Amino acid sequence: MKLADLFVKNPLHKPSWAAKLLNAVLVAAVVAGFIMLSLKMINLTMDFTFLSRYTVRFKDGFIMTLEVSICAMILSMVIGILSAACSHSKILFLQYLNLLYVKFIRGTPLLMQIYLFFYIIGTAWGINNRFVAGVLILSIFEGAYISEIIRGSFNSIEGTQKEAGLASGFTRMQ
C-alpha cells in the first residue's frame with residue numbers, strides 16, 4: 001500500500017478502513033484547529049469547569065429527549081401511515097385534506113409550527129403539558145415526511161408486481 005492510497009480516491013477500489021479513519025481524523029483536526037484559531041484571534045478562552053455542577057440536569061434532559069423521541073417516532077409512524085392511506089383514498093375530501101396537511105407541514109419551518117401549535121392551537125385546546133405538546137408537534141411534523149416516504153413506496157410498485165401478487169393469491173390490500 002502506497003502513502004497516496006490513504007489520501008487519493010481510486011475509482012477502481014474502495015478506500016480501506018484505515019484510509020477512511022485517517023481522513024476522518026484529519027478533517028476533525030482541521031475543523032478543531034480552525035475553531036481554536038478563531039477563538040484565539042478574538043481572545044476568548046473556553047472554561048467548561050462549571051458543567052460538572054449540572055450533571056443531574058444533563059442526565060434528566062437526555063432521558064427526557066429519549067422519551068420524547070420514542071413517543072414522537074411511534075405517533076409519527078401512525079400519522080404517516082394514515083396520511084399515506086388518505087393520499088390513496090377514493091374520497092376526494094380525504095385526498096385534499098392530506099394534500100393540504102403535507103404541503104403545509106413540509107413547506108413551513110419547524111420553529112414556526114412549534115409557535116403555531118404550542119401557543120395558538122395548544123392554548124385553544126388546553127394542552128398545557130409541555131411533554132405532550134412536544135410529542136404532538138414533532139409527530140405532526142415528522143408524520144408528513146413519513147407519509148411522503150410511504151406514498152412514494154406505494155407509487156414505486158409497478159403494475160406487473162401488483163399483478164404477480166394477485167396471481168400468487170394475495171389480496172389487493174396485502
Side-chain angles (χ1 to χ4, degrees), residues 20-21 23-157 172-174:
K20 290 179 182 179
L21 180 65
N23 283 283
V25 169
L26 188 61
V27 166
V30 167
V31 170
F34 176 75
I35 291 171
M36 290 175 65
L37 178 65
S38 299
L39 292 173
K40 185 174 175 80
M41 289 174 69
I42 61 172
N43 294 325
L44 181 67
T45 56
M46 303 298 277
D47 180 22
F48 295 105
T49 57
F50 69 95
L51 291 178
S52 62
R53 294 181 293 200
Y54 301 104
T55 54
V56 173
R57 294 192 82 166
F58 286 136
K59 181 183 71 78
D60 291 345
F62 178 73
I63 291 169
M64 179 66 71
T65 300
L66 288 178
E67 291 171 351
V68 168
S69 299
I70 291 169
C71 292
M73 180 178 61
I74 293 168
L75 186 57
S76 65
M77 286 296 293
V78 170
I79 292 171
I81 291 168
L82 291 174
S83 177
C86 287
S87 70
H88 286 85
S89 173
K90 294 183 180 188
I91 301 169
L92 282 177
F93 173 76
L94 293 177
Q95 282 185 1
Y96 289 168
L97 183 64
N98 180 65
L99 185 66
L100 174 69
Y101 161 66
V102 171
K103 297 288 184 191
F104 176 76
I105 296 298
R106 291 187 68 205
T108 56
L110 177 59
L111 186 60
M112 194 274 316
Q113 293 172 30
I114 291 170
Y115 284 132
L116 173 70
F117 289 116
F118 186 77
Y119 290 111
I120 297 173
I121 296 173
T123 303
W125 289 89
I127 301 173
N128 297 324
N129 187 328
R130 291 181 289 178
F131 180 85
V132 172
V135 168
L136 287 173
I137 293 166
L138 288 175
S139 298
I140 290 169
F141 179 74
E142 288 301 322
Y145 286 90
I146 291 172
S147 171
E148 287 296 287
I149 292 168
I150 294 171
R151 185 194 57 78
S153 299
F154 284 153
N155 290 344
S156 71
I157 299 173
R172 204 169 146 71
M173 189 60 137
Q174 291 172 322

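Every value quoted in this text rests on a predicted model; they were computed, and no experiment measured them. For the numbers below, each heavy atom of this structure counts, side chains included, while hydrogens, waters and symmetry mates do not.
- Residue pairs meeting the ring pair (Phe, Tyr, Trp, His ring centres under 6.0 Å) criterion with at least one member in residues 66-94, sequence neighbours excluded, are His88-Phe154.
- Side-chain atoms of Ser139 come within 3.5 Å of backbone atoms of Ala72 as a donor-acceptor pair (strictly under, hydrogens ignored).
- Between Tyr101 atom OH and Ile79 atom CD1 the span is 5.5 Å, to the nearest 0.5 Å.
- At least one side-chain heavy atom of Ile35 sits under 4.5 Å from a side-chain heavy atom of Leu39.
- For Ser76 against Ile146, the heavy-atom pair with the smallest separation is OG-CD1, 3.5 Å.
- Counted within 6.0 Å of CE on Met41, heavy atoms from surrounding residues, nucleotides or ligands total 12 or fewer; the atom is thus considered open.
- Ile105 has its side chain within reach of Ile140: a pair of non-hydrogen atoms, C-beta onward, lies under 4.5 Å apart.
- By the ring-ring contact (aromatic ring centres under 6.0 Å, His included) test, Tyr145 is found to be paired with Phe141, residues two or more places apart in sequence or in another chain being considered.
- Among residues two or more places apart in sequence or in another chain, the salt bridge (Lys or Arg N to Asp or Glu O under 4.0 Å) test is passed with Arg106 by Glu148.
- Judged as a salt bridge (Lys or Arg N to Asp or Glu O under 4.0 Å), and not counting sequence neighbours, Glu142 has no contacts.
- Between Leu136 and Phe117 the shortest side-chain heavy-atom distance does not fall below 4.5 Å.
- Judged purely by atom type and a 3.5 angstrom limit, Ser147 has no side-chain atom pairing as donor or acceptor with the backbone of Gly143.
- Residue Glu67 holds its CD atom at 8.0 Å from CD1 of Ile70, rounded to the nearest 0.5 Å.
- Note that CD1 of Ile114 and OG1 of Thr108 are 10.5 Å apart. Values are rounded to the nearest 0.5 Å.
- Partners of Phe131 according to the ring-ring contact (aromatic ring centres under 6.0 Å, His included) rule, which considers only residues two or more places apart in sequence or in another chain, do not exist here.
- Looking at Ser87, its side chain does come within 3.5 Å of a backbone N or O of Ala84 through a donor-acceptor pair.
- A donor-acceptor pair under 3.5 Å links the side-chain atoms of Ser69 to the main chain of Thr65, judged by distance alone.
- Between the CD atom of Gln113 and the CD1 atom of Ile137 there is a distance of 9.0 Å, given to the nearest 0.5 Å.
- The environment of Asn155 atom CG is dense: over 12 non-hydrogen atoms of other residues, nucleotides or ligands sit within 6.0 angstrom.
- Put simply, CE on Met112 and CZ on Phe104 are 4.0 Å apart, with the number rounded to the nearest 0.5 Å.
- Of the inter-residue distances, the one linking Met64 atom CE with Arg57 atom CZ reads 11.5 Å to the nearest 0.5 angstrom.
- Sorted by first and then second residue, the ring pair (Phe, Tyr, Trp, His ring centres under 6.0 Å) pairs with a member in residues 29-69 form an empty list; sequence neighbours excluded.
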